[in-house]
Q: 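Structure provided below as structure tokens; questions to follow.
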Amino acid sequence: MSGRDAFTAFYHESRDRLRVQVYAFCGDSEVAKRALADGYVSAAQHWRTAQRDPDAWVRRHAFRAAGHRRNRSSEPWYARAQRVPDAHRPLLAALAELPTPDRHLLIAHELAGLGVPAAARESGVGDGQAAGSLARSVAALRTAGVEPEQLPTALAGLGTSQPVEHVDAAGRLKARGDRRRRESWLLVAGVVVLVAAVTAGSINAARRPDSPSKAPVASPPTSSATTATSSAPSAPPPPRVRRTDLARVPQVNRLVASTTWSLDSTSADFGTARPLDECLDAVPTSATAVHYWTRTFTAGRIGITAHQGLQVAGTARSARRAYEAQLTQFGTCSAGSHRVVTTKSVRGVGDAAELVTLQYAGDAAVRTERVAIGRTGTAVTTWVVDEPHLLPVRTAPLVRLLGLSVDKVCHHAGGACAAQPYRTVDTAPPPDPVAPGFLSTVDLPLFDGLSSPWVATRPAATSSNPSATECDRADFAGAGADSVQARSYVIPAAQQLPDTFGMTETLGTFTSPKQADAFVSAVAASVAGCSNRQLTLGVSDTAQLTSGPGGGYVWRIGLQTSSTTTLEFRVAVVRVGTHVAEVTFTPSSAYDVDPAGFAALAERATQRLAQL
């Protein structure tokens, strides 16, 4: 079969399925038509290569072409929206909110039917991050009402939501591809001829002997300005960030007292596809990165590691986006069991800097890691240090190491350098995108020997309060709160936990701060008198919260269910402005938090309320 016949057969066989895939990617039938035509023309131009996997070739080029200005729709949005069935609009809106690589991966896997490794390679997502990307995409689509088992059917059903926008005829697409190929050949040939001519002229000039029989030809007079310009040396190329700008062992030795580090490995430029930490989605986080290196240091005696990542973006704006993406991914880490302990903004290091302290649940014990991220101009430096139990990493040495790393690249990257004294300011982690105002799973406690992750339900409207106990009797709706919602948190994969283990949070909004404060005071009064009302109830570990953006109370409430059994509740009621939240944790005897740990969780709940 000739190349033309093979392309034509492929076009007729693939047109309908690829049309749906491109439409799902861009959400516009007219844009999908133009972008798909571009994909087919590219396949025709490079058919010898594209025919190895023509679907992937067309899909990849069509998805890229969907973002080109020339392929934008000529119709206003309200005219296009009239052609989309109401049932498909939430799905298209949710797909449009996904990052481009995640959307490409989801469509290649769920709609095109590729395996996860093949879909990851096609979409440019690292193999190790593909599962996390798909999980986040599925969670986002669930908010649009699409359950995971319905996803392939829902995506395929998008084909019925668009008019039949047939792509141009196969012969015309093939002709356009052939014309592009001929033009590229002519361009290459012209460049080759030009280079050959210039090279030949240079060689002849170099070989031409001086002719003494001819008098030298006088040069025309030139102005002093011309002479000065011609004699001035050419401007040196701007400095650039290099691999040698990575940190060295003497700088890392100061990180942990009485510890000697060694350099373990340094990657080539873009020489690794593995992120510095499992919380990060991609390598690098800047889509326009022009350089990316990693370096790993180890302290063998105590068995810890420090990873440095240095990425240089194409522009300062892209570097800022990469920096913000890292802060979001660490602050909302969805990989395994992670808890964000603190987040701090660092003043005096580059254009912006942040420290994030996380805990993660290992197989045997909970470990701590410190993350330091600094941005200067086009460069973003990231440190991830696994903190040892006996020799913890202190904030001051980590900030100094980050400052030294930023100083190495600030002049080359065109940004601010470090200026001591450094200062750290407590900040709140990024809000939970699914449930703003509520606690996120990264806020919840972790336990030694319990590596399964917390899972949170979506907030749901409620007229009752699932967080209330017989002691506090907190009735949000009865007290006049509006928009009362509740959310539950459980660890379903942990078989060793009792059925009662878990956490709930209820959130309500009152008409005024005075009304909200009166509600909190009434709940506190109810708790204070509950043991008098019911002898089986006991209250301990009472504390009042006054710091942070709001205030409230925490208690430990015990309910004696038999002569030998007492059911424990840790309860917090906090307020910020007109918003009030109640958090109730039902621990088990083996997995509980101390009073200080639960008070810290209540403080985080006030930070989350302040994000509303």
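Residue numbers start at 1 and run along the sequence shown. Because the structure is predicted, anything quoted here is derived from the model rather than measured.
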Q: Restricting to salt bridge (Lys or Arg N to Asp or Glu O under 4.0 Å), what partner residues turn up for Arg370, sequence neighbours left out?
A: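 Applying salt bridge (Lys or Arg N to Asp or Glu O under 4.0 Å) to Arg370 gives Glu387.
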Q: Checking Cys333 now: which residues fulfil disulfide (SG to SG under 2.5 Å) with it, not counting sequence neighbours?
A: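 Listed in chain order: Cys279.
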Q: Suppose the criterion is side-chain hydrogen bond (donor to acceptor under 3.5 Å, both in side chains): which pairs have a residue in residues 309-322, not counting sequence neighbours?
A: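 Qualifying pairs, neighbours excluded: Thr285-Gln311, Thr288-Ser318, Thr315-Ser318.
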Q: For Arg142, check side chain to side chain donor-acceptor pair (under 3.5 Å) against everything at least two apart and list the hits.
A: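 Residues passing side chain to side chain donor-acceptor pair (under 3.5 Å) with Arg142: Glu147.
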Q: Tell me every residue that passes salt bridge (Lys or Arg N to Asp or Glu O under 4.0 Å) with Asp53, counting only those two or more places apart in sequence or in another chain.
A: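 Once residues adjacent in sequence are excluded, Asp53 has no partner under the salt bridge (Lys or Arg N to Asp or Glu O under 4.0 Å) criterion.
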Q: Does Arg570 have any salt bridge (Lys or Arg N to Asp or Glu O under 4.0 Å) partners at least two apart in sequence or in another chain, and if so, which?
A: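 With neighbours one apart ignored, the set is Asp541, Asp592.
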Q: Could you tell me which residues satisfy side chain to side chain donor-acceptor pair (under 3.5 Å) with Thr296, sequence neighbours excluded, listed by chain and number?
A: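 By the side chain to side chain donor-acceptor pair (under 3.5 Å) rule, Thr296 matches His307.
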Q: Could I get the full list of side chain to side chain donor-acceptor pair (under 3.5 Å) partners for Thr504, not counting sequence neighbours?
A: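 Residues passing side chain to side chain donor-acceptor pair (under 3.5 Å) with Thr504: Ser467.
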Q: Once salt bridge (Lys or Arg N to Asp or Glu O under 4.0 Å) is applied, what residue pairs with a partner in residues 115-125 remain, sequence neighbours excluded?
A: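 Applying salt bridge (Lys or Arg N to Asp or Glu O under 4.0 Å) to every pair that reaches into residues 115-125, excluding sequence neighbours, yields Arg59-Glu122.
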Q: What residues form a side chain to side chain donor-acceptor pair (under 3.5 Å) with His579, not counting sequence neighbours?
A: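 Counting only residues at least two positions away or on another chain, His579 forms a side chain to side chain donor-acceptor pair (under 3.5 Å) with Thr509.
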Q: Glu110: which residues meet the salt bridge (Lys or Arg N to Asp or Glu O under 4.0 Å) condition with it, sequence neighbours left out?
A: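 Glu110 satisfies salt bridge (Lys or Arg N to Asp or Glu O under 4.0 Å) with no residue once adjacent residues are dropped.
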Q: What pairs of residues pass the ring-ring contact (aromatic ring centres under 6.0 Å, His included) test when at least one of them lies in residues 324-354, not counting sequence neighbours?
A: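 Qualifying pairs: His338-Tyr360.
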